[in-house]
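Some notes on the structure that comes next.
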Amino acid sequence: MTAPVLKSRVEQALGGIVNPRLGGDVIASGMVRDLSVDAQGAVSFTFVLTRDDPGSLARQVRKAVEGVPGVSGVKMSIVDAAATAGGGGGGAGPAARPRAAQAPAVPAPPTPDEMPMLGKVLAISSGKGGVGKSTVSANLAAALARDGHRVGLMDADIYGPNIPRMFGANTKPEVQGGKIQPLEAHGVKLMSLGFIVERDAPAIWRGPIIMKIITQFVRDVAWGELDYFLVDLPPGTGDAQLSLTQIVRLHGALIVTTPQEMAVGDSLRGAKMFERVGVGIVGIVENMSYFVCPHCNERSEVFLAGGGSRLAAELGVPLLAQIPLQAGMPDLADRGEPIVVSQPDSPAGVALRELARTVVTRTAGLAAALPISGAPAPR
């Protein structure tokens, strides 16, 4: 097949993808620019997005091009329409005449790698601190390992690395053959900045340093062959989250919230960030959902009820679990004993073990997110 014929077929495939904001296909809307096809079937083009376009549109475009018979590879560069000449109006129109002097283009971020040895790569995130995200991460990892899965847990919460304490692991990892050897506790392979820096050392770092740390934890640690690779992210939507999506192709993200609206609103922003960079949301975990009295077994709603359900409904994803408050659980965490290991039949232990089984079911058919070689448009 000649390059012109293949290019025509690619354009035809792209013509079937409609931008819901504009109501037209991505070709007619001027969102695809500089489309070229070489003799080997490699396709390259620039895709113009605005901040109002869904991030999933880029995944649809890449998948459509990759599905055209004869295409051997796809290189897609994503640019923000507001940053391109003539793109200030919010639509993706034809480029204006070049200006007399332009700043040098910012290089695109690295394309994330698919690392099949890591198994299902899942980010665990929250919009704000204090919702028990690390507790959920630690117990989910331990519960998966307890069920016989090979699990790695990377503590990417560089500002508050609590995973070492929650697993009772505090020795410095060894380096063998140029690879950092992860520590292991409760059947889970672990890596955290807490293993490397002193306990009282503040993390006063900017984006490039954070990117380097996360890159090293993913690529330079001897994780071996895993079934699940969980990443405990810091709260919010900052450098660590974006760095992770640029380093490894994620299979999905779990969003942890508490029932009250203040936490739900922040968690919604965190979920939208993942959607913006093309990572699907596996579901919502509502922590501290209720309290069961250990004496009379009466259930009490400590916070405003239903926040996790409302968030799940707004995002169109399932509510994976409701984890109860439980007396003594913080003490167990401080002693390095995940409750799914030390008290597996307690209300919180049962809920977290059920969460692990639900995650296995929900992620069984997930493929890694298609790489998007471009940063999301700033809001």
Side-chain angles (χ1 to χ4, degrees), residues 119-128 130-149 151-153 166 188 227-233 235 241 250-261 263-275 279-292 299 301-326 329 338-341 344 346-369:
K120 301 293 184 186
V121 182
L122 303 174
I124 303 175
S125 182
S126 66
K128 68 187 295 98
V131 300
K133 168 186 55 62
S134 293
T135 299
V136 170
S137 299
N139 280 278
L140 174 58
L144 287 168
R146 191 174 183 268
D147 287 343
H149 302 288
V151 184
L153 175 56
M166 291 181 171
V188 179
D227 298 314
Y228 294 93
F229 183 67
L230 309 182
V231 183
D232 182 32
L233 288 166
Q241 286 80 356
L250 299 173
H251 289 78
L254 280 69
I255 306 298
V256 180
T257 186
T258 49
Q260 64 269 43
E261 283 303 319
V264 168
D266 290 337
S267 297
L268 176 62
R269 284 186 282 274
K272 290 295 185 181
M273 185 279 297
F274 281 108
E275 288 185 349
V279 176
I281 305 300
V282 177
I284 307 300
V285 179
E286 186 184 78
N287 197 26
M288 309 183 204
S289 296
Y290 55 90
F291 174 72
V292 177
R299 174 169 166 161
E301 310 289 351
V302 180
F303 303 110
L304 179 67
S309 299
R310 289 191 296 275
L311 177 60
E314 184 167 353
L315 292 170
V317 299
L319 178 64
L320 300 175
Q322 291 178 299
I323 313 300
L325 283 163
Q326 184 166 317
M329 195 169 175
I339 199 166
V340 296
V341 175
S346 64
V350 169
L352 286 160
R353 287 165 52 207
E354 186 59 35
L355 168 63
R357 298 186 184 106
T358 302
V359 167
V360 170
T361 301
R362 288 282 177 181
T363 60
L366 289 182

Item to complete: Would you check if Pro259 and Glu301 make a side-chain contact, meaning some heavy-atom pair closer than 4.5 Å?
Response: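 The answer is no, as the side chains (C-beta and beyond) never meet within the 4.5 Å cut-off.
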Worksheet item: Taking side chain as C-beta onward, heavy atoms only, is Leu230 less than 4.5 Å from Leu144?
Response: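 They are in contact (side-chain heavy atoms under 4.5 Å apart), so the answer is yes.
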For [X] and [Y], which heavy atoms make the closest approach, and how far apart are they?
X	Y	answer
Val317	Gly283	CG2-CA, 4.1 Å
Gly252	Val282	CA-CG2, 3.9 Å
Pro324	Ala351	CD-CB, 3.8 Å
Leu233	Ala123	CD1-CB, 3.7 Å
Gly308	Val264	N-CG2, 4.5 Å
Ser309	Glu286	N-OE2, 4.2 Å

Item to complete: Using side-chain contact (heavy atoms from CB on, under 4.5 Å) as the criterion, list what pairs up with Ala145, not counting sequence neighbours.
Response: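 Here the qualifying residues are Val151, Val188.
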Discussion item. Restricting to salt bridge (Lys or Arg N to Asp or Glu O under 4.0 Å), what partner residues turn up for Arg362, sequence neighbours left out?
Written reply: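 Testing Arg362 for salt bridge (Lys or Arg N to Asp or Glu O under 4.0 Å), a comparison that skips the adjacent residues, returns none.
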Discussion item. Using the rule given for side-chain contact (heavy atoms from CB on, under 4.5 Å), can you reason through Asn287 versus Ile323, listing the C-alpha separation, both sets of side-chain angles and the distance that settles it, and then say yes or no?
Written reply: CA-CA 5 Å; Asn287 197 26; Ile323 313 300; 3.3 Å; yes
Item to complete: Keeping to residues at least two apart or across chains, list the side chain to side chain donor-acceptor pair (under 3.5 Å) pairs with something in residues 346-357.
Response: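 For residues 346-357: Gln326-Ser346, Asp345-Arg353.
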Discussion item. Keeping Asp227 on the side-chain end and Gly119 on the backbone end, is there a donor-acceptor pair under 3.5 Å?
Written reply: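 Judged by distance alone, no pair lies under 3.5 Å.
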Fill in: Donor-acceptor under 3.5 Å (His251 side chain, Leu122 main chain)
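Not confirmed, His251 side chain does not pair with Leu122 backbone.
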Fill in: Worked check of side-chain contact (heavy atoms from CB on, under 4.5 Å) between Glu275 and Leu315
CA-CA 10 Å; Glu275 288 185 349; Leu315 292 170; 4.0 Å; yes
Discussion item. Applying side-chain hydrogen bond (donor to acceptor under 3.5 Å, both in side chains), can you list everything that pairs with Asp147, at least two apart in sequence or on another chain?
Written reply: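 For Asp147, no residue satisfies side-chain hydrogen bond (donor to acceptor under 3.5 Å, both in side chains) once neighbours in sequence are set aside.
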Anything under 3.5 Å between a donor and an acceptor, one on a side chain of residues 135-143, the other on a protein residue two or more places apart or in another chain? List them.
{"from": "Ser137", "atom 1": "OG", "to": "Lys133", "atom 2": "O", "distance (Å)": "2.9"}
{"from": "Ser137", "atom 1": "OG", "to": "Asp232", "atom 2": "OD1", "distance (Å)": "3.2"}
{"from": "Asn139", "atom 1": "OD1", "to": "Ile339", "atom 2": "N", "distance (Å)": "2.9"}
{"from": "Asn139", "atom 1": "OD1", "to": "Val340", "atom 2": "N", "distance (Å)": "3.2"}
{"from": "Asn139", "atom 1": "ND2", "to": "Thr135", "atom 2": "O", "distance (Å)": "2.9"}

Worksheet item: How would you list all residue pairs meeting salt bridge (charged side-chain N to carboxylate O under 4.0 Å, His left out) that involve residues 310-324, not counting sequence neighbours?
Response: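 Sorted result for residues 310-324: Glu261-Arg310.
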